[in-house]
Structures are given as C-alpha cells and as structure tokens.
Amino acid sequence: MEEQVRIAKKTSEQGLKPFIRWAGGKQNLIKEIYKNLNFTDVNRYFEPFLGGASFFMNGNFQHSFLSDLNPNLTNCYQQIKDNPGAIFQGLSTFITPVTQETYYSIRNEFNLHNGQQTLEQAVRFIFLNRTSFNGIYRVNKSGLYNVPFGKPNPAFSTLEQLNNISNKLKSATIFNGYYDEISNLVLANDLIYLDPPYPKLSDTAYFNHYTLDKFDNNEQEKVAQFANDMRERGIKVVISNADLEQIRNLYTAWNIIECSAYRYISCKKEKIKVKELIIKNF
Ligand SMILES: C[S@@+](CC[C@H](N)C(=O)[O-])C[C@H]1O[C@@H](n2cnc3c(N)ncnc32)[C@H](O)[C@@H]1O
C-alpha cells in the first residue's frame, strides 16, 4: 500500500522559481491556485503538461511524475536533476550582452541537435529561452525552433537556485510523452494537475505555440474526457484553462473557480489581464 503523504501547502515565497520563462506559465497565479485547493492526503503527484513546472516548484510532494511533449524541455529537467553545477557552468560561459550573432549560432546548434538528451542541449535550451523574444517556444513546420533574438542581458538561475531545483527533482520521475500516457501510472488518491495549452485568444496569441501540433478544440475536448476518466477512477484532478464558454461547457460537473492573471497576448510586448479558471473535483 502506498504511504499516505501529507502535503504542506506552501506560499510562492517558499516555492522555487522556474529556471525558464514559459508561455502560459503559472508563476503569477500559483499562490491563488494553492489558496483554492484544500488537499492534505494524496499519494503521488503528476504534472503531464510540465512547462515551467510552477505547481511542482511550489508544492511538497513525496514522489512526482513530471512530463511534457517537448523532449528538449524534459531533457533540461533531467540534466538539472543530475548535474546542476555543470548546467550553471555551461550558462556562465556566455558573455553578456549577448550578441545577435551568438544567439543565432546557438539556435543553429540547438536545431542541429534537436531532441538529443544531453547536457549541452539543455544549456542551449536555457540560453535560448532566456535570450529569445518573450521566452516563447515556437517551432516551424519542420519542427525547428525559430524564435528570434530578444534579450541581450538574460537572467539565468544562480547556482544556488539550480541546486535547490535539483534537490527538489530528486524525488521526481521525468519523462517525455503525451499527457494521457500517465493513465497507466496513476492510482486512486494520486493528484494530477493539468495545464494544457489554452485555446487561442487572438490571431497573434502566442499561448499555444509550444509544439508542432497546435492544440485545437478537439484536443481540449480530449483533455476534458481524460480528466473525467481520471475522476471516475478516484483520482484528484486540478485543471487550469482560459475562462471561455467553450471550456466551461466541457466541465459543467466540476467545481470551477475564477481568477485572473496578466499575460502577453500578442507579438507586441503588451501584457493584459485575462480571466482564467481553476477547475477541480475535490
Ligand atoms: C500551459 S503550458 C504549461 C505551463 C506550466 N504549468 C507552467 O507553469 O509553466 C503547456 C505545456 O504543455 C505541453 N504540451 C502540449 N501538448 C502536449 C501534449 N499533447 N501532451 C503533453 N504535453 C503537451 C507544452 O509543451 C507546454 O509545455
């Protein structure tokens, strides 16, 4: 029998800062999310739309399963878990202010080694994330990263921050895959946090430009179906999504809490307040 684990709710001051910028990241909202969740006894934690991992970074779970469809992203978590010092050293070799030339040369290298599960590729990923325009992750039709240069003075995590993240990841299993692949692993009384790419809010919205496959309405319906299946199996589920009628209609039998967050919605450096939902079954 799985050991019952007490989950301490933590404030974001106590939580760890993500090491990347991530579109749709929950860093600004995480306090609000935790405030609205009342769970004490769960067995294990699953976060299959990992991104910047704000929920995991602010929780206190005995064992976690962290996954994402982006293999370059999950590789970073694995490399930081295994070798935070080498990641820090790799990032320290970049001279600031970063020039356009350096940015595009690292981008080429990154694309040449696309998907490789190496320390060097993790360093390139973090470097590009921190120096690119808005920190978005977008690929072209061939699956190659194509975000332009944007930030000559990047703020990388300190060695202490990377060590702390590494320690936290020691109790996590990290893998690359579709979110529904966790269905063979989850058991009653586990907790799942689902934070899928949101529906497009405007033609220029960057929210769902994560992977080659865009996340359309059909995908949103599949996530809702998946969440309902998990719920019927006695699993605790929390979902984040945009406050849109099409989303509310998918979760009529769930507890829905409204909240709001500031987000970039266009290619301009413009942030607006958008309404989001916390959807849960407990
Ligand atoms: C909204 S972001 C998650 C943000 C994260 N909660 C945070 O705080 O930064 C959505 C993530 O889902 C991933 N993703 C997209 N389609 C997926 C799929 N079918 N299965 C698993 N992950 C997917 C993207 O790569 C992206 O990292």
Side-chain angles (χ1 to χ4, degrees), residues 12 15-34 37 45-59 61 64-77 114-115 125-126 128-130 134-139 143 145 147 157 165 168 172 174-186 191-201 205-227 230 237-244 247 259 261-265 274 276-279:
S12 51
L16 300 179
K17 230 172 126 193
F19 59 90
I20 44 168
R21 305 184 280 164
W22 207 248
K26 290 295 167 298
Q27 224 196 323
N28 300 336
L29 212 57
I30 200 66
K31 249 186 181 170
E32 184 78 6
I33 295 176
Y34 268 93
L37 299 180
Y45 174 66
F46 288 78
E47 189 167 348
F49 292 101
L50 189 59
S54 303
F55 200 112
F56 167 77
M57 297 289 184
N58 286 273
F61 305 101
S64 305
F65 293 81
L66 309 177
S67 56
D68 197 282
L69 193 55
N70 184 334
N72 296 302
L73 174 69
T74 47
N75 174 50
C76 286
Y77 285 90
N114 191 18
F125 183 101
I126 299 168
L128 292 171
N129 173 272
R130 288 287 174 180
N134 262 354
I136 51 167
Y137 189 90
R138 191 189 60 201
V139 294
Y145 179 83
V147 181
S157 300
I165 294 172
K168 202 169 181 71
I174 300 157
F175 55 98
N176 165 232
Y178 268 78
Y179 67 91
D180 60 0
E181 288 175 32
I182 64 168
S183 68
N184 299 327
L185 300 170
V186 271
L191 172 70
I192 305 179
Y193 175 56
L194 298 174
D195 186 13
Y198 290 4
K200 261 192 169 183
L201 296 184
Y206 275 153
F207 280 28
N208 52 7
H209 289 179
Y210 300 102
T211 54
L212 193 52
D213 304 315
K214 298 281 190 293
F215 218 78
D216 59 15
N217 287 344
N218 189 31
E219 287 296 332
Q220 297 293 348
E221 282 170 29
K222 282 196 207 155
V223 171
Q225 184 57 53
F226 174 77
M230 297 299 111
V237 186
V238 186
I239 306 149
S240 284
N241 216 319
D243 189 357
L244 297 173
I247 297 297
C259 52
Y262 282 95
R263 299 221 173 266
Y264 288 107
I265 58 139
V274 289
E276 302 204 3
L277 301 175
I278 302 165
I279 304 162

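Here the structure is a predicted model, which is why all the values come from computation and not from measurement. One-based numbering, in listed order, for ligands and for the atoms of each.
Here atom 11 (C) of ligand 1 lies nearest to Asp68 when heavy atoms of Asp68, Asn72, Ile182, Asn241 are compared.
When heavy-atom distances to ligand 1 are checked against a 4.0 Å cut-off, Pro18 has no atom that comes that close, whether in backbone or side chain. No part of Ser67 comes within 4.0 Å of ligand 1, judged by heavy-atom distances. The proximity of Phe215 to ligand 1, defined as any non-hydrogen pair under 4.0 Å, is limited to the side chain. Contacts with ligand 1 closer than 4.0 Å are made by heavy atoms of both the backbone and the side chain of Phe49.
By the 4.5 Å heavy-atom criterion applied to side chains, Phe125 and Ile20 are counted as neighbours. Residues Thr74 and Phe175 have side chains not in contact (no heavy-atom distance under 4.5 Å, counting atoms from C-beta outward).
For ligand 1, one of its N or O atoms has an N or O atom of Gly52 under 3.5 Å away. Between Tyr193 and ligand 1, not a single N/O pair is under 3.5 Å apart. Considering both main-chain and side-chain atoms, Ser54 comes within under 3.5 Å of ligand 1 through a nitrogen or oxygen pair. Checked against a 3.5 angstrom limit, the closest N/O atoms of Gln27 and ligand 1 fall outside it. The shortest N or O to N or O distance between Tyr178 and ligand 1 is not under 3.5 Å.
Between the Asn134 side chain and the Ile136 main chain, no donor and acceptor come within less than 3.5 Å of each other. Here the side chain of Asp68 pairs a donor or acceptor atom with the backbone of Leu50 at under 3.5 angstrom. A donor-acceptor distance shorter than 3.5 angstrom exists from the side chain of Arg21 to the backbone of Asn129, with no hydrogens or angles considered. Side-chain atoms of Lys168 come within 3.5 Å of backbone atoms of Gly59 as a donor-acceptor pair (strictly under, hydrogens ignored).
Take Glu221 and apply the side-chain hydrogen bond (donor to acceptor under 3.5 Å, both in side chains) test, not counting sequence neighbours, and it matches no residue.
With Phe55 as reference, Tyr193 is the one residue of Tyr193, Phe46, Phe49 to meet the ring pair (Phe, Tyr, Trp, His ring centres under 6.0 Å) rule.
Heavy-atom contacts of Gly25 reach the following atoms of ligand 1: 7 (C), 8 (O), 9 (O) (cutoff under 4.0 Å). Ligand-side atoms of ligand 1 in range of Gly177: 20 (N), 21 (C), range being under 4.0 angstrom from any heavy atom.
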